[in-house]
Protein chains: 2
Amino acid sequence: MTGWVAVAGLGPGAEDLITPEVQAALDQASDVIGYIPYVARVAPRPGLALHPSDNRVELDRARHALALARDGRQVVVVSSGDPGVFAMASALFEALGDDPAPEIRILPGITAMLAASARLGAPLGHDFCAINLSDNLKPWALIEKRLRLAAEADFAMAFYNPRSKSRPEGFARVLEILRESCGPERLISFARAVTTPEEALLTVTLAEARPEMADMRTVIILGNSATRRAGRWVYTPRSA
Amino acid sequence: MTGWVAVAGLGPGAEDLITPEVQAALDQASDVIGYIPYVARVAPRPGLALHPSDNRVELDRARHALALARDGRQVVVVSSGDPGVFAMASALFEALGDDPAPEIRILPGITAMLAASARLGAPLGHDFCAINLSDNLKPWALIEKRLRLAAEADFAMAFYNPRSKSRPEGFARVLEILRESCGPERLISFARAVTTPEEALLTVTLAEARPEMADMRTVIILGNSATRRAGRWVYTPRSA
């Protein structure tokens, strides 16, 4: 049988947000590779080898997937959310190298910011940006620069990976920069473990926001200058 | 029976990218409301009323959905892609007004830029922004300002609604600004009718890009300064 790699997005957590396309790839796979909690979301079955691995070994994982596919295996690399948003798709291409590539497919999923936006209302209803707050792979100064320019552009903003154990002070600094750039009344929403039984949603002003409102399971959405509340909902008008 | 409104994303076109959550809402609906080509994607069945309407009547459509739900109907408002990204979710909240709201759910879908990114590789693999290029509801000067600031921030960028009949010259101007801000070698991808039988993908440099490469069924992805090719794929490294 011909080998292939599919990099698939499992969505934010709920079973009924996994696309039929991704489910079909999992049903056809001989091997599933990914970060431990994501592989744990795949149902075991005879003939399916599960390869859970630790965080921060994305390139090793990608090379492993490519090697298995070159050996004729049918490999699904699982990401949560969408594989193209701060996840495994880029790592796979970084690992390709000069050897002939096996068949590759990227299978999109519901990314955390859009699941969070749906649960909150429509805070990303107009122009917005998505920023990874982790400085594992880029300099902190670049994060600060992007925050200030995005605020000047009056984008709504979604933040991934807000708090890391190795740099707990980073997110406090992010909140300072946002308060300076956007003012204390701007709305900010913390969406934790969206669409899972542990889901928790909180919307406050920047004046009220505290670093401990976020952890590594939280995606954060900052409104733009026109974002407002309507009852329990938060939305950004289409004209902003 | 209690009325409700669900604003649901049908994804970019392929049937197997519709989430089970959205399919379940369609199966329970008494009424489906939306722009003509999106309502045409919903299978008719006895007991289901289809309400197709023209483009640019989003607020009327939202008021209609709310009125039906207040009358006890089970209403799905359909958007293509994700309802929270340049689609009907914001319009629904704009239309809420002060009357008691019926039960509302926003059901996420695969938005065009993430489907396009998956088909192209991983061009949105690091920090990025999404900009609606239509000036129906915002001043053109704001679009230009956001383009220049996003370029300065070195975001990858996704552009929705690149060419309108009422302003065909707008996108030519966008390409000029991007060439000035990002240089002629930056990669830009045109993804038309992604995941449908009419899908067409094209990646060129900004020097080679022409306005007629886009129409209203095209989503456009501009790389950041580190975006590169790998064989037939385009991706942005995780460290950029």
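Just so it is clear: chains get the letters A, B, ... in the order the sequence lines come, proteins before strands, and each one is counted from 1.
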For a quick test of reading the model, state the closest non-hydrogen atom pair linking [X] to [Y] and the distance between them.
| X | Y | value |
| --- | --- | --- |
| B:Pro108 | A:Ala118 | CD-CB, 3.8 Å |
| B:Val85 | A:Leu114 | CG2-CD2, 3.6 Å |
| A:Ala89 | B:Gly121 | CB-O, 4.5 Å |
| A:Asp154 | B:Arg146 | O-NH2, 3.0 Å |
| B:Asp16 | A:Pro20 | O-CD, 3.3 Å |

Among [options], which residue has the highest count of heavy-atom pairs closer than 4.5 Å to chain A?
| options | value |
| --- | --- |
| B:Ile104, B:Leu107, B:Leu124 | B:Ile104 |
| B:Pro12, B:Ala122, B:Ala87 | B:Ala122 |
| B:Lys145, B:Glu152, B:Gln23, B:Arg105 | B:Glu152 |
| B:Thr111, B:Ile143, B:Ile110 | B:Ile110 |

Got a second to check how far [X]'s [atom1] is from [Y]'s [atom2], nearest 0.5 Å?
| X | Y | atom1 | atom2 | value |
| --- | --- | --- | --- | --- |
| B:Trp233 | A:Leu92 | CH2 | CG | 9.0 Å |
| B:Arg148 | A:Leu149 | CZ | CG | 14.0 Å |
| A:Cys129 | B:Ile131 | SG | CD1 | 9.5 Å |

(message) Quick check: do A:Thr19 and B:Ile18 have side-chain heavy atoms less than 4.5 Å from each other?
(response)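 Contact flag for A:Thr19/B:Ile18 side chains = no.
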(request) Using a 4.5 Å cut-off on heavy atoms from C-beta on, say whether the side chain of A:His126 contacts that of B:Lys138. (result)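 They are in side-chain contact.
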[X] (side chain) donor-acceptor with [Y] (main chain) under 3.5 angstrom:
| X | Y | value |
| --- | --- | --- |
| B:Glu94 | A:Pro237 | no |
| A:Asp127 | B:Asn132 | yes |
| B:Ser90 | A:Thr236 | yes |

(request) Name, in order of residue number, those residues of residues 74-83 of chain A that have a heavy atom at a distance of less than 4.5 Å from a heavy atom in chain B; otherwise write 'none'. (result) A:Asp82
Pick one of side chain, backbone, both or neither for [X], based on which atoms fall under 4.5 Å of a heavy atom in chain A.
| X | value |
| --- | --- |
| B:Ala91 | both |
| B:Met88 | neither |
| B:Ala101 | neither |
| B:Leu96 | side chain |

(message) Quick check on B:Arg119: does its CZ atom have over 12 non-hydrogen neighbours (other residues, nucleotides or ligands) under 6.0 Å away?
(response) no
(message) Would you say CD of B:Glu15 has more than 12 non-hydrogen atoms from neighbouring residues, nucleotides or ligands within 6.0 angstrom?
(response) no
(message) Between A:Leu142 and chain B, with a heavy-atom cut-off of 4.5 Å, which part of the residue counts as in contact: side chain, backbone, both or neither?
(response)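 Looking at A:Leu142, just its side chain touches chain B.
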(request) Step by step, work out the side-chain contact (heavy atoms from CB on, under 4.5 Å) result for B:Leu59 and A:Arg238. (result) CA-CA 11 Å; B:Leu59 276 182; A:Arg238 295 164 302 143; 3.6 Å; yes
(request) Heavy-atom pairs under 4.5 Å with chain B are the metric here; pick the option from A:Gly125, A:Ala130, A:Ala230 that has the most. (result)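 Most heavy-atom pairs within the cutoff with chain B belong to A:Ala130.
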(request) Kindly assign one of parallel, tilted or perpendicular to the pair A:Phe86 and B:Phe128, based on the angle between their ring planes and the thresholds 30° and 60°. (result) tilted
